Structures are given as C-alpha cells and as structure tokens.
Undergrad: 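Sharing a structure, written as structure tokens. Questions coming.
Keep in mind that this is a model prediction, so the values were computed, not measured. Every chain is numbered from 1, with letters handed out A, B, ... down the list of sequences.
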2 protein chains.
Amino acid sequence: MEQAAHPELRAELRAELRIDQMPQTLREIVLGRLRAAIIAGRFPSGARLVERTLCDQLGVSRSVVREVIRILEAEGLVESLPNRGPVVARMDWAQARQIYDIRLLLEGSAAAGCAAVADAGVKADLAAALSALEAATGGEDAVFEATTRFYEVIFRAAGHDVAWEIVQRLNGRISRLRALTLTAADRAVPGRARMARIAAAIGANDAGAARQAVEDHLREAAEIARRMLEGA
Amino acid sequence: MEQAAHPELRAELRAELRIDQMPQTLREIVLGRLRAAIIAGRFPSGARLVERTLCDQLGVSRSVVREVIRILEAEGLVESLPNRGPVVARMDWAQARQIYDIRLLLEGSAAAGCAAVADAGVKADLAAALSALEAATGGEDAVFEATTRFYEVIFRAAGHDVAWEIVQRLNGRISRLRALTLTAADRAVPGRARMARIAAAIGANDAGAARQAVEDHLREAAEIARRMLEGA
DNA sequence: GGCGGTATGTTGGTATACCATAAGATCATA
DNA sequence: TATGATCTTATGGTATACCAACATACCGCC
C-alpha cells in the first residue's frame with residue numbers, strides 16, 4: 001500500500017462538523033483514541049504497547065504512534081522502560097491518593113478564587129453546565145463533558161488556567177483508576193447535589209463555603225476510591 | 001550520508017561513565033539540550049521552531065526532534081499553532097504568578113508533610129544538599145542541581161512524588177522567565193539562608209514552621225520576579 | 001541430561017526519502 | 001494598481017531501511 005493507508009480515519013477527520021475546524025490532525029485523533037482505550041482499561045496495567053502492533057490496529061504509521069506515546073508518557077498514562085519500550089503505567093492507591101490531594105489543593109484554591117470574583121456571566125455558565133449535567137442522564141460521555149465544563153468554568157473564572165491544565169492531565173490517571181475498579185453504577189452518581197452546592201456557594205460569592213464544598217466533594221470521592229482500591 | 005550522522009552526540013552518549021547507565025537515549029540528550037536552550041532564552045518568545053533547521057543544528061533526525069517537541073509541548077515550553085508548527089511559548093507575569101501560586105500550595109504541603117515524618121536519614125540528605133549548595137559557589141549548574149536536590153528530598157520524603165513531577169515541569173517555565181529577565185547577579189542569591197531555615201524547621205519536625213518557611217521563601221521569590229516582569 | 005554458545009526473530013531507535021497541503025511571498029498581467 | 005497565478009517553504013503524514021539490544025530457541029558438546 002502506498003499512500004492513503006487509513007481511509008476510515010481520514011473520513012472521521014472530515015466528519016466532525018460541516019466545514020468547521022478541519023485542523024484536526026491525525027495525531028490528535030490517535031491520541032484521543034489511545035488515551036480513551038487506556039483510560040477505559042482496555043489494556044491491563046503493565047501491558048506492553050508494541051509500536052508496530054498499534055500501527056496495524058490504528059492504521060497509522062510509526063511516527064504518529066511514537067509521538068502520541070510521548071504525549072501519553074507526559075500525562076503519566078504510559079511509561080517507557082529502557083530497552084523494552086512503552087508500557088501502560090501501573091497505578092495504585094498511593095498514587096491516586098496523591099492525585100486527590102493535589103486536586104484538593106488546586107480545586108479548593110480555584111473555587112475560592114472563583115467565588116471571590118464571580119459575576120453574573122460566570123454564574124450563568126455554571127448553571128448551564130449543571131443543567132447539561134441534569135439533562136445528560138445515561139449518556140456517559142455527556143456526563144463527563146458537563147462535569148469537565150463545570151470545573152473549567154471555575155478554573156478559568158479564577159484565572160487559574162495553568163492549574164486547569166494540570167488538573168486535566170491528572171484526571172486521565174484518576175479516570176483510568178476509576179474505570180478499572182468502579183462499576184458503571186458507581187459512576188452514575190457523579191454527585192450532582194455536591195456540584196450544586198459548589199455552584200450555590202459561588203453564586204453567593206462565598207469563597208470559604210466554595211472551598212469547603214469542593215474539598216468535601218473531593219474527600220468523599222477519594223474515600224470511595226480508597227475503599228475500592230486499598231491494597232490493590 | 002547513511003548512518004552515524006551525529007558522531008559527537010554518539011560519543012557523548014558513551015562518555016558518561018565507565019560501563020554504567022548506557023541507556024541514555026538520543027532523545028533524552030536532545031530533550032535536555034533543547035530545553036536548556038529555550039530556558040536560557042536562546043530563542044525569543046514566539047520564535048518558530050522549524051523542525052528541519054533544528055535537525056541541522058542538533059545533528060539528529062526529524063523523528064527525534066518531533067518527539068522532543070511533543071514532550072516540550074507537554075511541559076508548556078513550546079506550543080504548536082495549527083498549520084504553522086511549534087513555536088516557543090509566550091510567557092508573561094500572569095502565567096508566572098499562577099505558577100508561583102501552584103508551587104506555594106504544592107511545596108508548602110510537601111514541606112509540612114516532610115517535617116511530619118522526617119527521620120535522621122532525611123535530615124542528613126537535606127544537610128548534604130545544603131552543603132553542596134554552599135560548595136557550589138560560582139558553578140551555575142551546580143547551584144541549580146543542589147537546589148533541585150534539596151527540594152526533591154523534601155517531596156520524596158513526604159511521599160509526594162506526583163507533586164514533584166508537576167513542580168519540575170513547572171520549573172522549566174519559571175526558569176525561562178527568570179533567565180529572560182534576571183541578570184546573573186540576581187540569580188547568584190538563591191537564598192541559602194531561607195533554605196537553611198526550611199531545613200531547620202524540618203530538622204525540628206515542625207510542620208507549621210516548615211510550611212511557613214517555604215511559603216515565605218516562595219512569596220519573596222515571586223515578589224522579586226513580579227517587580228522585574230510587571231507589565232511585560 | 002545439563003551446559004554454553006550460536007542462530008533467529010522481534011522490538012526499539014534512528015535516519016531518510018517521499019507526498020500532499022497550507023500559508024506566505026513573488027510575480028505577471030489586466 | 002490590483003488581482004490572480006505561481007513558487008517557495010514548512011509542515012503533517014507515510015514508508016522504508018538499517019542497526020543494536022534482547023529474548024528465545026536450537027544445537028553441539030561435556
């Protein structure tokens with residue numbers, strides 16, 4: 001085969017929207033796919049990611065796969081063993097606990113900062129994200145997207161863009177851990193009530209309450225994860 | 001030319017130690033070089049990083065350069081514009097301030113955690129790092145290395161490996177900003193006294209004092225940076 | 001039968017050549 | 001002068017080749 005070795009991906013590349021945002025690069029598509037597969041637990045921890053196999057499975061060339069693996073490595077989802085190549089990163093409760101601790105600090109700070117400066121626009125955005133969350137019953141991706149949006153509004157409003165970057169990267173690892181251990185039923189309770197409490201505190205411009213609400217939420221989430229993972 | 005297109009790097013690859021840790025990969029060497037060059041301010045903000053030019057300058061192939069650029073992108077030192085390719089990331093005080101804020105949270109937490117559990121071994125390691133810092137008068141890299149080591153001991157002892165990863169990545173951006181604006185004379189005062197205060201607090205297993213010392217140190221560093229950068 | 005050495009295959013790492021496309025620059029012509 | 005065509009450059013993407021390292025299987029020899 002000469003060129004055009006990946007017709008289905010090429011098609012997907014154009015399919016997103018009618019004429020809009022075409023600059024979706026192959027690398028990004030592959031990145032999204034591989035990341036999703038790892039997070040979903042389709043590869044066991046420690047599984048080798050053999051480049052040529054991935055090339056076949058994804059229908060792309062080694063260059064693309066290698067660059068994507070570097071990115072996933074930076075995200076902590078993949079690690080490369082010397083002379084053995086990339087493997088799916090091992091995760092345990094010790095690491096997850098650290099990540100929850102970091103999120104506690106960053107999200108607490110962001111929520112407080114957001115509450116301190118939130119104007120009507122921010123509050124409306126938060127309300128919209130909450131509505132989207134309510135409307136997204138069942139749709140797994142929709143729930144995730146609405147939740148992500150909710151936090152993004154908070155971080156951005158607080159002017160914590162850098163922290164938002166970090167939290168997003170960390171979330172990959174936590175998502176994987178959750179997918180590996182929690183059942184779908186467990187995940188179906190994303191804590192709308194607690195997020196509403198966060199939104200209410202921000203709506204009242206009460207920084208202390210907002211921080212407290214976020215921290216309570218996270219501590220509870222961490223506790224659930226801990227019970228599932230302790231000793232794993 | 002067929003193979004062996006980069007003799008000097010290959011040589012460096014073997015030169016490190018007698019028979020030890022050969023698995024230093026070309027990619028890592030190039031990563032270190034390019035990162036150092038960007039941090040040192042050898043490229044202006046927004047400068048395009050033309051792949052083939054870098055290949056010539058570094059004497060390596062495009063594969064290596066591209067993968068390295070992906071890594072630097074994840075570190076926030078490089079950003080890729082659609083259809084234009086990678087450029088050196090722009091930095092301003094707003095971003096630096098965020099990074100200092102994040103470090104305040106993470107390093108404060110790590111110092112407190114370290115102080116809470118530090119044993120004789122940890123204290124000895126900290127003392128050793130401090131001595132190395134004293135001994136490293138003039139050697140710029142040596143100062144940086146000793147400082148890095150000091151904080152690494154703190155984070156590792158506190159069991160905050162994930163946070164240490166994050167701080168290291170953030171440090172690239174801060175280092176660049178400092179190099180762009182501070183003179184060598186300014187940098188020559190890395191605050192040994194303040195680091196000694198941190199070590200003392202940890203030596204006394206006083207978590208509150210350790211956190212306070214770290215936060216004071218960082219606030220001061222941020223203040224110096226702010227005065228240099230305000231409005232830039 | 002157990003042992004050490006060799007052959008083979010797989011994998012990662014690197015280099016290079018090629019194509020298609022997009023953006024910008026240049027130039028020729030109406 | 002303005003507009004459109006062409007040329008250049010840089011990039012994303014792909015294919016391919018080579019080498020080195022490692023693992024494994026095999027094979028002769030003790």
Side-chain angles (χ1 to χ4, degrees), chain A residues 1-14 19-34 43 46-73 78-88, chain B residues 1-14 19-34 43 46-73 78-88:
Chain A
M1 91 189 55
E2 349 261 57
Q3 300 302 115
H6 41 272
E8 67 304 335
L9 282 183
R10 281 290 185 198
E12 177 173 349
L13 204 123
R14 263 93 181 175
I19 194 172
D20 191 25
Q21 37 120 239
M22 234 292 286
Q24 168 86 304
T25 171
L26 232 201
R27 172 161 24 89
E28 289 171 61
I29 298 175
V30 170
L31 174 61
R33 290 239 179 141
L34 197 50
F43 300 94
R48 297 184 60 174
L49 295 172
V50 180
E51 296 180 17
R52 284 156 172 101
T53 306
L54 290 176
C55 293
D56 293 347
Q57 290 174 348
L58 292 160
V60 298
S61 72
R62 276 183 76 197
S63 324
V64 179
V65 168
R66 289 181 63 101
E67 289 179 48
V68 164
I69 283 178
R70 295 306 151 226
I71 298 174
L72 291 175
E73 211 177 333
V78 165
E79 52 189 335
S80 281
L81 309 179
N83 287 328
R84 306 218 62 215
V87 299
V88 175
Chain B
M1 86 188 58
E2 351 260 59
Q3 299 304 114
H6 40 275
E8 65 307 331
L9 281 184
R10 281 290 187 197
E12 177 174 349
L13 204 122
R14 263 92 180 176
I19 194 173
D20 191 25
Q21 38 118 239
M22 234 289 287
Q24 167 86 305
T25 170
L26 232 199
R27 173 161 21 91
E28 290 173 60
I29 297 174
V30 170
L31 174 61
R33 290 240 179 137
L34 195 50
F43 300 94
R48 299 185 59 174
L49 295 172
V50 181
E51 297 182 13
R52 282 152 172 103
T53 307
L54 290 176
C55 291
D56 292 348
Q57 291 173 347
L58 292 161
V60 297
S61 71
R62 274 183 72 199
S63 324
V64 180
V65 169
R66 287 178 65 99
E67 290 180 46
V68 163
I69 284 178
R70 294 307 151 226
I71 298 174
L72 291 174
E73 210 177 335
V78 165
E79 52 188 336
S80 280
L81 309 179
N83 287 328
R84 308 218 62 218
V87 300
V88 176

Undergrad: If you look at every heavy atom in Leu49(A) and Leu54(A), which pair is closest and at what distance?
TA: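 Closest approach of Leu49(A) to Leu54(A), heavy atoms only: CB-CD1, 3.9 Å.
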
Undergrad: Distances for protein N/O vs nucleotides 8-12 of chain C N/O pairs under 3.5 angstrom?
TA:
| residue | atom | partner | partner atom | Å |
| --- | --- | --- | --- | --- |
| dG12(C) | OP2 | Glu51(A) | N | 3.4 |
| dG12(C) | N7 | Arg52(A) | NH1 | 3.0 |

Undergrad: Could you check how far CG of Leu26(B) sits from P of dC19(D), rounded to whole Å?
TA: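 Distance check: Leu26(B) CG to dC19(D) P gives 17 Å.
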
Undergrad: Not counting sequence neighbours, which residues clear salt bridge (Lys or Arg N to Asp or Glu O under 4.0 Å) with Arg52(A)? List them please.
TA: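 With sequence neighbours excluded, Arg52(A) shows a salt bridge (Lys or Arg N to Asp or Glu O under 4.0 Å) to no residue whatsoever.
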
Undergrad: Starting at CG of Leu31(B) and ending at P of dT14(C), how long is that distance when rounded to a whole Å?
TA: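 It is 12 Å, rounded to the nearest whole Å.
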
Undergrad: Considering residues at least two apart in sequence or located in another chain, which fulfil the side chain to side chain contact (heavy atoms under 4.5 Å, CB included) criterion with Ser80(A)?
TA: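 Applying side chain to side chain contact (heavy atoms under 4.5 Å, CB included) to Ser80(A) gives Arg70(A), Glu73(A), Pro86(A).
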
Undergrad: Under the salt bridge (Lys or Arg N to Asp or Glu O under 4.0 Å) test, which residues partner Arg27(B), sequence neighbours left out?
TA: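 Counting only residues at least two positions away or on another chain, Arg27(B) forms a salt bridge (Lys or Arg N to Asp or Glu O under 4.0 Å) with Glu67(B).
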
Undergrad: Only counting residues at least two apart or in another chain, list the ones meeting side chain to side chain contact (heavy atoms under 4.5 Å, CB included) with Val87(A).
TA: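 Only Arg48(A), Glu79(A), Leu81(A) meet the side chain to side chain contact (heavy atoms under 4.5 Å, CB included) criterion with Val87(A).
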
Undergrad: Between dA15(D), dG13(C), dG13(D), which nucleotide gets closest to the side-chain atoms of Ser63(A)?
TA: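 The closest nucleotide is dA15(D).
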
